[in-house]
Amino acid sequence: MRIKKKNKNKGSEYMAEDKELKKAEEKEAAAVEKENTELPEVEENVSEEKNEEDPKDAKISELEAKVKELEETISKMKEDELRRMADTENYKKRLRTEKENAVKYANESLISDLLEPLDNFSRAIESASLSQDFEAMKNGVIMVNDQMLQRLKTNWGLEMINSSVGTPFDPNFMEAYGVQEKEGITEEEVSMECNKGWLLHGKVLRTAKVFVAKPKK
């Protein structure tokens with residue numbers, strides 16, 4: 001009889017535990033069902049929040065677009081500046097080349113003008129050598145000299161300063177190598193011409209070098 005009593009008590013304990021277990025399961029199932037019921041609302045709210053644009057994100061996007069635009073503008077300005085610098089450098093090189101050529105060939109026309117008189121000089125010398133005629137050589141040299149002077153005067157504005165003996169001394173166009181007194185004159189004059197003077201378009205290119213005679217006291 002005692003054994004049966006114990007078994008009976010034990011069965012009651014099992015039944016109580018079983019009831020408690022069922023209650024826990026039902027409670028857990030209710031919680032899961034509630035969670036499943038509320039979950040779509042949460043997801044819907046999250047979806048709605050995502051659909052609403054954040055003003056900060058919009059501002060950031062706008063600033064990023066402006067930065068990109070400025071970077072493109074700066075890049076284009078750099079390219080334009082490099083191109084401009086290259087063009088300027090090429091222009092300077094071209095100017096230097098033109099200047100060098102201008103200096104190098106500045107006397108090209110002058111030399112061309114002198115070629116014919118030089119040819120005539122050569123002919124005069126050759127002719128005098130063959131004929132042994134000093135007078136002919138002299139006349140040929142005089143002819144070539146006159147031709148050259150005329151060409152230089154007409155085409156280049158070169159003119160000889162008159163500083164022959166007896167010409168009044170003019171310090172603007174003449175340079176005195178020495179001075180000596182002379183009777184019978186009333187003003188200073190050229191007593192001897194050492195080097196001829198030249199004018200280029202009316203400007204003194206080289207003064208005449210002369211000796212001067214002055215009135216004797």
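Quick caveat: nothing in here was measured; it's all calculated off a predicted structure. Just the heavy atoms: all of them, side chains too, but no hydrogens, waters or symmetry mates, feed the values below.
- Between the CD1 atom of I74 and the NZ atom of K78 there is a distance of 7.0 Å, given to the nearest 0.5 Å.
- Side-chain contact of E71 with S75: a donor-acceptor pair under 3.5 Å is absent, judged by distance alone.
- For N145 (side chain) and V141 (main-chain N/O), no donor-acceptor pair under 3.5 Å exists by modelled atom type.
- A single hydrophobic cluster is seen to contain both M148 and L110, as judged by linkage of ILVMFWY side chains at heavy-atom distances under 4.5 Å, directly or through other members.
- The shortest side-chain heavy-atom distance between I185 and K182 falls under the 4.5 Å cut-off.
- Here the closest non-hydrogen pair linking S191 and V212 is OG-N, 3.7 Å.
- Residues L199 and V204 form a side-chain contact, since some pair of their non-hydrogen atoms from C-beta on lies under 4.5 Å apart.
- There is a path of hydrophobic side-chain contacts, each under 4.5 Å, that joins M160 to L205.
- With contacts defined as side-chain heavy-atom distances shorter than 4.5 Å, the pair N195/Y177 qualifies.
- Contact of the V210 side chain with the E175 side chain is not registered, since no non-hydrogen atoms from C-beta on lie closer than 4.5 Å.
- Distance CG/L95 to NZ/K99: 9.5 Å, rounded to 0.5 Å.
- Atoms CG and CD, on L152 and Q147 in that order, are 10.5 Å from each other to the nearest 0.5 Å.
- Electrostatic pairing of D87 and R84 does not count as a salt bridge here, judged by no charged N lying under 4.0 Å from a carboxylate O.
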Please evaluate residues T207 and K209 with respect to the criterion side-chain contact (heavy atoms from CB on, under 4.5 Å), reporting the C-alpha separation (whole Å), side-chain torsions for both, the decisive distance (0.1 Å), and the verdict.
CA-CA 6 Å; T207 57; K209 308 299 190 295; 3.5 Å; yes
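- Between E187 and K214 there is no salt bridge, since no side-chain nitrogen of the basic residue lies less than 4.0 Å from a carboxylate oxygen of the acidic one.
- Listed for the R206 side chain is no donor-acceptor partner under 3.5 Å among the backbone atoms of G197.
- Each of L200 and M174 belongs to its own hydrophobic cluster when Ile, Leu, Val, Met, Phe, Trp and Tyr are linked at side-chain heavy-atom distances under 4.5 angstrom.
- Under a 3.5 Å cut-off, the side chain of T167 and the backbone N or O of S163 do not form any donor-acceptor pair.
- Following chains of ILVMFWY side-chain contacts shorter than 4.5 Å, one cannot reach I142 starting from L149, and the two form parts of different hydrophobic clusters.
- Atoms CD and OH, on E100 and Y105 in that order, are 11.0 Å from each other to the nearest 0.5 Å.
- In this structure the side chain of R151 reaches within 4.5 angstrom of the side chain of P117, judged on heavy atoms.
- Hydrophobic clustering keeps L118 apart from I125 (ILVMFWY residues linked when any side-chain heavy atoms are closer than 4.5 Å, directly or through intermediates).
- Side-chain atoms of S112 and S109 include no donor-acceptor pair closer than 3.5 Å.
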The test is side-chain contact (heavy atoms from CB on, under 4.5 Å); show your working for E89 and K93 and say whether it passes.
CA-CA 6 Å; E89 186 62 27; K93 288 180 180 178; 3.8 Å; yes
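- By the 4.5 Å heavy-atom criterion applied to side chains, M85 and T88 are not counted as neighbours.
- With rounding to the nearest 0.5 Å, the separation of CZ in R96 from OH in Y91 is 12.0 Å.
- At least one donor-acceptor pair under 3.5 Å links the side chain of T73 to the backbone N or O of E69.
- Scanning all heavy atoms of the two residues, the minimum distance from F173 to I161 falls at O-CD1, 3.8 Å.
- Note on E64 versus K68: no salt bridge recorded, every NZ/NE/NH1/NH2 to OD/OE distance being 4.0 Å or above.
- A distance of 10.5 Å separates CG in L70 from CE in M77, rounded to the nearest 0.5 Å.
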Please evaluate residues S122 and N120 with respect to the criterion side chain to side chain donor-acceptor pair (under 3.5 Å), reporting the C-alpha separation (whole Å), side-chain torsions for both, the decisive distance (0.1 Å), and the verdict.
CA-CA 5 Å; S122 297; N120 291 334; over 6 Å; no
As a quick check of understanding, evaluate side-chain contact (heavy atoms from CB on, under 4.5 Å) for L158 and K153, giving each step before the final call.
CA-CA 4 Å; L158 184 67; K153 180 179 179 180; 5.7 Å; no
